[in-house]
Amino acid sequence: MSMDLTTSPDPGNLAEATELHRYAEALIVSLAADGTAPDLPPGITDVPGYWLGPAVESLVLIMSGKDALEPLALANELDERRTALFLCLALAVCGHGDRIHASWLGTAFGDLSEDRPVTPGQRALWLAAARGAYGPVGKIFVLRKLRRGGRAGHRRPVAEGPRARSAGDVRARLSGGVP
């Protein structure tokens with residue numbers, strides 16, 4: 001699962017944001033590999049008005065079993081959808097999908113719409129849930145979301161790409177069928 005952190009709105013200081021992106025990617029790789037977080041360079045998360053800094057702090061605190069409420073509240077205030085998506089995918093990649101808060105799934109998935117394809121991030125969430133990253137609760141959440149999002153038999157395109165799938169294909173995969 002890849003989360004392209006470069007598609008975010010302009011955070012202001014591009015050099016600081018680039019270093020933050022690099023750290024976030026290294027953090028996820030390290031957490032997935034051995035469960036440890038690389039040392040947080042001084043000031044790396046201090047990119048004013050940018051959600052990723054406090055989201056990274058939240059991830060580090062969650063993984064260390066500490067209270068992440070303060071940075072999580074700030075990250076949500078700055079960009080709730082991206083924060084939820086980042087945390088859900090990062091925790092799934094790290095093998096700790098059970099540490100997500102149920103509300104994060106709803107926020108990260110967003111709304112399904114007939115006139116808008118799902119994003120690559122939404123697709124990654126569906127696949128993570130289908131693979132059991134969030135346990136049975138995540139799988140049930142996705143199935144319910146898909147049922148509410150489209151008519152039976154309707155095939156909605158998923159964001160373009162070589163592995164594009166319709167909502168019907170995702171629904172079949174999650175329920176154990178082969179699309």
Side-chain angles (χ1 to χ4, degrees), residues 1-8 11 17 19-42 44-47 50-112 118-149 158 170-171 173-176:
M1 275 173 241
S2 169
M3 182 170 174
D4 182 5
L5 300 174
T6 61
T7 59
S8 301
E19 288 304 311
L20 179 57
H21 288 181
R22 286 185 186 135
Y23 177 79
E25 290 170 0
L27 172 64
I28 292 169
V29 168
S30 182
L31 288 171
D34 61 14
T36 64
D39 290 336
L40 194 62
I44 192 96
T45 59
D46 297 336
V47 183
Y50 192 40
W51 66 273
L52 185 57
V56 163
E57 286 183 57
S58 297
L59 178 60
V60 170
L61 291 169
I62 290 167
M63 291 299 294
S64 66
K66 296 179 183 169
D67 180 21
L69 193 55
E70 188 175 323
L72 183 58
L74 177 57
N76 281 336
E77 183 180 309
L78 295 169
D79 195 326
E80 185 178 22
R81 186 186 59 79
R82 282 191 173 98
T83 297
L85 182 62
F86 173 76
L87 291 173
C88 286
L89 291 177
L91 288 166
V93 166
C94 299
H96 293 280
D98 59 330
R99 293 188 183 186
I100 66 162
H101 190 277
S103 67
W104 299 349
L105 277 177
T107 301
F109 272 106
D111 293 322
L112 296 176
V118 297
T119 68
Q122 287 171 317
R123 183 174 186 274
L125 236 50
W126 283 358
L127 293 173
R131 292 178 179 136
Y134 309 112
V137 172
K139 200 171 188 180
I140 290 167
F141 179 89
V142 173
L143 287 169
R144 286 183 180 161
K145 187 81 166 166
L146 288 170
R147 283 190 194 115
R148 283 193 308 259
V158 174
V170 173
R171 191 178 297 117
R173 177 174 280 167
L174 289 172
S175 63

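When reading the values below, keep in mind they use all heavy atoms of this one structure, side chains included, and skip hydrogens, waters and symmetry mates.
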Taking every non-hydrogen atom, the tightest pair across [X] and [Y]:
X      : Y      : value
Ala129 : Gly138 : CB-O, 3.9 Å
Val56  : Leu20  : CG2-CD1, 4.3 Å
Ala92  : Ala128 : CB-CB, 4.2 Å
Glu57  : Pro71  : CB-CB, 3.9 Å
Trp104 : Leu72  : CZ2-CD2, 3.6 Å
Ala75  : Thr83  : O-OG1, 3.1 Å

I need the [X] [atom1] to [Y] [atom2] distance, nearest 0.5 Å.
X      : Y      : atom1 : atom2 : answer
Leu52  : Leu59  : CG    : CG    : 10.0 Å
Leu87  : Leu105 : CG    : CG    : 11.0 Å
Ser103 : Asn76  : OG    : CG    : 8.0 Å

Worked check of side-chain contact (heavy atoms from CB on, under 4.5 Å) between Leu61 and Asp67: CA-CA 6 Å; Leu61 291 169; Asp67 180 21; over 6 Å; no
Parallel, tilted or perpendicular: rings of Phe86 and Trp51 (30°, 60°):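 Plane angle over 60°, so perpendicular.
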Give a yes or no answer on whether the side chain of [X] reaches the backbone of [Y] with a donor-acceptor pair at less than 3.5 Å.
X      : Y     : answer
Tyr23  : Gly53 : no
Arg99  : Met63 : yes
Thr107 : Ala84 : no
Tyr134 : Cys88 : yes

Which atom pairs, donor and acceptor, lie under 3.5 Å between side-chain atoms of residues 26-34 and protein residues at least two apart or in another chain?
residue, atom, partner, partner atom, Å
Ser30, OG, Thr36, O, 2.6
Ser30, OG, Thr36, OG1, 3.4
Asp34, OD1, Thr36, N, 3.0
Asp34, OD1, Thr36, OG1, 2.6
Asp34, OD2, Thr36, OG1, 3.4

Sidechain N-carboxylate O distance under 4.0 Å for Arg22, Glu25: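 Glu25 and Arg22: not salt-bridged.
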